[in-house]
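For ligands, and for the atoms within them, numbers begin at 1 and follow the listed sequence. Heavy-atom basis, side chains included; hydrogens, waters and symmetry copies ignored.
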Amino acid sequence: MNTTITIDGKTVPFTDGQTIMDAALASGIYIPHLCHNPDFEPHGSCKLCVVSVNGRNMTSCTMPASEGMVVASDTHELNEDRKVLVQMLFVEGNHICPACEASGNCQLQASAYYLNMLSPHFTHFYAPREVDASHPDIFLDLNRCILCELCVRASREIDGKNVFGISGRGIHTHLVVNAASGRLGDTDFAVTDRAAHVCPTGAILIKRQGYRIPIGKRTFDQRNISEVQMESSQHVEPDDERKT
Ligand code: SF4
Ligand code: FES
């Protein structure tokens, strides 16, 4: 049965089981997101998709739509909250965009531009993080990992492997590689795996193809993230999903 919710004053239809995010994207309404990818179950970690539902804040990617909900999303207050979340992600990792191969194609960076983030605002953690170049074709840089678990989900659910996992608690939570050595080169990870192409940041990079797109022609040089993610919610481009 089709019923409706209201998002920013617009009447939006939804079907049973759809989340607020699903209904919004299907109706052409953009809600910022990082850990959400339409091909995977919701994760609810980045909190960028926060909306106000009948006056209470909740994550739109995990909240099922129900008849008569009144949702606010594109408000100054919520966008300011989202900007703070992105700032927190920037200071938690070592996001040195000028030297990152994903710059211009990175959803975290594009979200910062979209939300008009001018500086990280908070004190940088400068956490010492490992890079793992043990795999012949893929480079893993935990300095840029935002713990969205898209690689974990893709490896398990689509590739039928179990290359990645999450370990630790609180601020010590981190991505791990499921090998006795902990090294990517000792797993069956392949450059053709979906998990190799799903990272929204520059944490998982394909070797020998960095900086191949000239500045001005990179994904987010051309369009902002709302346009790109709206388009990608209709069809996924498996060759490079950093922009989805
Ligand atoms: S490596 Fe990339 S895809 Fe995997 S959890 Fe970190 S940010 Fe997400
Ligand atoms: S997109 Fe909803 S919490 Fe990340």
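Here the heavy atom of the protein found nearest to atom 8 (Fe) of ligand 1 is Cys148 SG, 2.3 Å. Nearest non-hydrogen protein atom to atom 3 (S) of ligand 2 is Lys47 N, 3.1 Å. The nearest protein atom to atom 2 (Fe) of ligand 1, hydrogens excluded, is given as Cys199 SG, 2.3 Å; this is a heavy-atom distance. Scanning all protein heavy atoms for the shortest distance to atom 4 (Fe) of ligand 1 gives Cys151 SG, 2.3 Å. For atom 5 (S) of ligand 1, the closest non-hydrogen atom of the protein is Glu149 N, 3.2 Å. The nearest heavy-atom contact from the protein to atom 6 (Fe) of ligand 1 is Cys145 SG, 2.4 Å. Among all non-hydrogen protein atoms, the one lying nearest atom 7 (S) of ligand 1 is Ile146 N, 3.3 Å.
With a 4.0 Å cut-off on non-hydrogen atoms, Leu142 does not touch ligand 1 at all. At a heavy-atom cutoff of 4.0 Å, ligand 1 is contacted by no atom of Val152, backbone or side chain. At a heavy-atom cutoff of 4.0 Å, ligand 2 is contacted by no atom of Ser60, backbone or side chain.
Per-residue contacts place Ala203 under 4.0 angstrom from the following atoms of ligand 1 (heavy atoms of the residue considered): 1 (S), 2 (Fe). Using a 4.0 Å cut-off to heavy atoms of Leu175, the atoms of ligand 1 that qualify are 1 (S). Near Ile204, the atoms of ligand 1 lying under 4.0 angstrom from a non-hydrogen atom of the residue are 1 (S).
For the residue pair Gly168 and Thr173, the shortest heavy atom distance occurs at O-OG1, 3.7 Å.
Considering only heavy atoms from C-beta on, Ser73 stays 4.5 Å or farther from Ile29 through its side chain. For the pair Thr187 and Asn162, the minimum side-chain heavy-atom distance is 4.5 Å or more.
One side chain, His43 or Glu149, offers a donor N or O that lies under 3.5 Å from an acceptor on the other. A donor-acceptor contact closer than 3.5 angstrom is absent between the side chains of Glu227 and Gln222.
The backbone N or O of Thr201 sits nowhere less than 3.5 Å from a side-chain atom of Gln107 that would complete a donor-acceptor pair. Counting only distance, with no hydrogens or angles, the side chain of Lys47 and the backbone of Asp81 share no donor-acceptor pair below 3.5 Å.
Heavy atoms of other residues, nucleotides or ligands lying less than 6.0 angstrom from CZ of Phe122 number more than 12.
Atom 2 (Fe) of ligand 2 has an N, O or S atom of Cys49 closer than 2.8 Å.
Salt-bridge formation is detected for the pair Arg129/Glu92: a Lys NZ or Arg NE/NH1/NH2 atom is positioned less than 4.0 Å from an Asp or Glu carboxylate oxygen.
Centred on atom 4 (Fe) of ligand 2, the angle running from Cys46 (SG) to Cys35 (SG) is recorded as 110°, rounding to 10°.
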